[in-house]
Structure formats: C-alpha cells, structure tokens
Asks: 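The structure is given below, and queries will be raised subsequently.
Start at 1 and go down the list; that is how both ligands and their atoms are numbered. Just so we're clear, the structure is a prediction, and the values are computed from it rather than from any experiment.
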Amino acid sequence: MLSTDIRSHFPILHQEINGHPLVYLDSGATSQKPTQVIEAIKNYYELENSNVHRGVHTLGNRATDSYEGAREKVRKFINATSTKEVIFTRGTTTSLNTVARSYGLANVKEGDEIVITYMEHHSNIIPWQQLAKETGATLKYIDLEADGTLSLENVRATITDKTKIVSVVYVSNVLGTMNPIKEITQIAHEHGAIMVVDGAQASPHIKLDVQALDCDFLAFSGHKMCGPTGIGVLYGKQALLEKMEPIEFGGEMIDFVGLYESTWKELPWKFEGGTPIIAGAIGLGAAIDFLEEIGLDEIEKHEHELAAYAMDKMSAIEGLTIYGPTDPSKRAGIITFNLNDVHPHDLATVLDMNGIAVRAGHHCAQPLMKWLQVSATARASFYLYNTKEDIDSLIAGLRTAKEYFNDVY
Ligand code: 7TS
C-alpha cells in the first residue's frame, strides 16, 4: 500500500461532509488535486500569465516555455516519439471527436466498418455513430464475455477487412475491466484498420506507452489524473496527423492567411486553434510530475490491493451484486454494484449522509447498462489517496443503507 502521507497533499480530503470525515470514492468521475497542481496554476497566474507563441516580451516567453514544457512532460509520460504527436485538447471527449471528424470523415466511406465495444463511454460511441450516419459506414460492437471482459476471439470475429477504425476503452469506467489493447491493436492493423484508444480511465492509473501499444491515437483527460479540468490530450502518430486537416480554424493554428486561402502551422499547433488552455496544460504537467514521483506502478499496485480488499468485503454483504470481472487482478480500482432492489441514487444519498461520495446512475454508458440489464448502478472508484479505512467506511455505510432500506423496499 502507498503511504497515507499522500493524503496530506490533497487539502480537499481534510473536511467533514454531513458531520462525517469525507470518504471520496468518485475519482472515476474526477480526481482530487494535490497542492503541487494547485500551486503550479497559482504560480502561472501570479508570475507568468501571458499569451503564448508570440515571442516578444519576457512574460510571454515564460508562459510559452511552461506551456511547451508541459507538452514535453506529456510526451515522456506516454512515451511518444515527438512532441509533434501531443495535441492539447479540452479532454477525452474533444480528443475522440477530433479523430472522428478529422481522420474519420476523410478516410471512412459507405460500406466501411467502425468497430467499438459494448463497454464504451458515450464519448467513445456517439462520435462514431455520427460518423457512421454521415458516411454510410456500419458501426459494429464487439460483444463481452459474461464477466465483462473482452475475448480476443470476439475481437477477431468482429474486425474484418472492411473495418477502417477500431476504438476501444483501455479501462472501463463502469466494470473496471482492463482491455488487451496491444493485442487488439495488432488485430486491427492486420486488417488495415487504425486503432484508437480511450485512455480516460487508464492514464491516471497505469503506465502508458504508445510505442509499445502501437496504437494510432490515444485520448485522455487531465482532470482524472490529478490535473485540472478543461485540459486533455490527443496523441496521434505523426504520419497520420500530418495528413489530417484541423477541425477548428482561427488564430494560433495558421501559418499564412490570405483573403481566400490559408495555410496551417506545423504539428502539433495546427490542431490547437485559438488561445490554448495554458494554465490547464501547466497544471497537467505538475500532475504528471506528482504521479511520476510516486510511480505509476506503485499507484496501480495500490489500487489493485484496494479493489481486492473491497471486493472481498463487499462480497460478504448479502444482496449486493458486483458487476465486471470477479478476479481483482483483471480490473482497475473501480467497483460497480447494486444492493438488492435499492435504487442506486437512494443508496448514494444514504452513503452521502455518512460522508461517503460514490457515483450513481448510468455512468455515461447506457449501452453497457442495457447489456447488464440494469437501468443504473452505484460505483465506488479509488485512487492513490484512498485507504483501507475508506473501504471500511464504505462497507459500514452499505450495511447502514441495507438496514435503512429494509423497511422501505
Ligand atoms: N471515456 C471514459 C472511459 C470515461 O470514463 C470518461 C469520463 C470519458 C471518456 C469522458 O471524459 P471527459 O473528461 O471528456 O468528460 N467518465 C466519467 C465517469 O465515469 N464519471 O464521470 C465522468
């Protein structure tokens, strides 16, 4: 387990909610922010605030250095070969839409196939639905195994020579399933398709290496990995990005503007129209420093231990159903569950009365809810600052809720 000292870096955790110490188990929605990130953003606004890439005055140069410095931190974090492959976006949603609108519209035509899975977040479904509608392509879903994992047989059975794009979540935000991205990428490539990875729930928890995965695009968000909201990343292989058109046009992304024709800046800036998310990128850079100092391997190990501990304790609660892989080593620190017939919103409300924050609802994964044959679930998601005591509080909260609802349901 990681040291509980880590909690001292997160000011928000040291407060009471409804008369109880806060137990934050909703990092899957967004993580809390350490002082290092808050300070980096404050430092930028207090000492460097200026627009970037204008190169005349000192503050502008400082801001540019910090912004581009953050890009280099991201490059190293995901092991991209060049900063040309690292585009700052608003988050995973924007990154995935950029691939669909730019690469997708130029390369997908009627009769082609786009392949995703039943466990995707809406952000990795709707851009492809729209692309399929506009181009006449077919959207296909890879089916899941009963325990919510993907089998490579099903992957092979779904991807064909007509497939142009395969887009799969690395870690499911509902089931916690960790998917075999490297193997799926290989299968996609054997059929001449490109591989897009939704890394929103992976980047906070596991070491990413785009060269080892060989994926063509990777999308993730800063706010789930200790960084601020409003910043995310689209990684893309340089050869593909070079051929792609921007989807936003205006200042910052241009080289030359004439009356009727314009040319674009080189990568990565041609995809960053308008004043960029400077403070956000700097905050994300600080978050990466923070995570790397602790070590992604250590963080992953910590979460596996918490998940195993929680699953063991939760399985002992009669009437509690856990969805997803039963083997904790096959899942990240995300546990989705229902308690008897109690509506997850009611359950989350009672837990909140006890200071415990969990998410309830469809988790932006309605096709997966349909696959699970439920309308909603409750979800506890862990991060590096959670402890076994947090899990004990959850278990106690669940037992209280069970008693409370015994009379109601
Ligand atoms: N993909 C996955 C797997 C996600 O979990 C999320 C956000 C997104 C994409 C979208 O990320 P965004 O930063 O662009 O919004 N997931 C959740 C969640 O599980 N609860 O709240 C947000």
Asks: So between Thr229, Thr93, Asn173, whose heavy atom ends up nearest atom 14 (O) of ligand 1?
Replies: Thr93
Asks: Centres of the Tyr383 and His205 rings: under 6.0 Å?
Replies: yes
Asks: Between His9 and Phe290, is the ring centre distance below 6.0 Å?
Replies: yes
Asks: Under 4.0 Å from a heavy atom of Ser221: give me the atoms of ligand 1 that qualify, with their elements.
Replies: 11 (O), 12 (P), 13 (O), 14 (O)
Asks: Whether the Asp214 and Thr185 side chains hold a donor-acceptor pair (N or O, under 3.5 Å, no angle test) is what I'd like checked.
Replies: no
Asks: Return the option from Glu120, Arg359, Arg379, His121 holding the heavy atom at the smallest distance from atom 6 (C) of ligand 1.
Replies: His121
Asks: With a 4.0 Å cut-off on heavy atoms, does Arg90 reach ligand 1?
Replies: no
Asks: Show the atoms of ligand 1 that are less than 4.0 angstrom away from any heavy atom in Gln201.
Replies: 3 (C), 4 (C), 5 (O), 16 (N), 19 (O)
Asks: Between His121 and His363 (judged by ring centroids, cut-off 6.0 Å), do the two rings come close enough to count as a pair?
Replies: no
Asks: Report, in ascending order of atom number, the atoms of ligand 1 lying under 4.0 Å from any heavy atom of Val169.
Replies: 3 (C)
Asks: Any atom of ligand 1 sitting under 4.0 Å from a heavy atom of Asp198?
Replies: yes
Asks: Would you confirm whether the ring centroid of Tyr67 sits within less than 6.0 angstrom of the ring centroid of Phe88?
Replies: yes
Asks: Going by the atom numbers of ligand 1, which of them fall below 4.0 Å from some non-hydrogen atom of Thr92?
Replies: 9 (C), 11 (O), 14 (O)
Asks: Is the distance from the ring center of Phe271 to that of Trp264 below 6.0 Å?
Replies: no
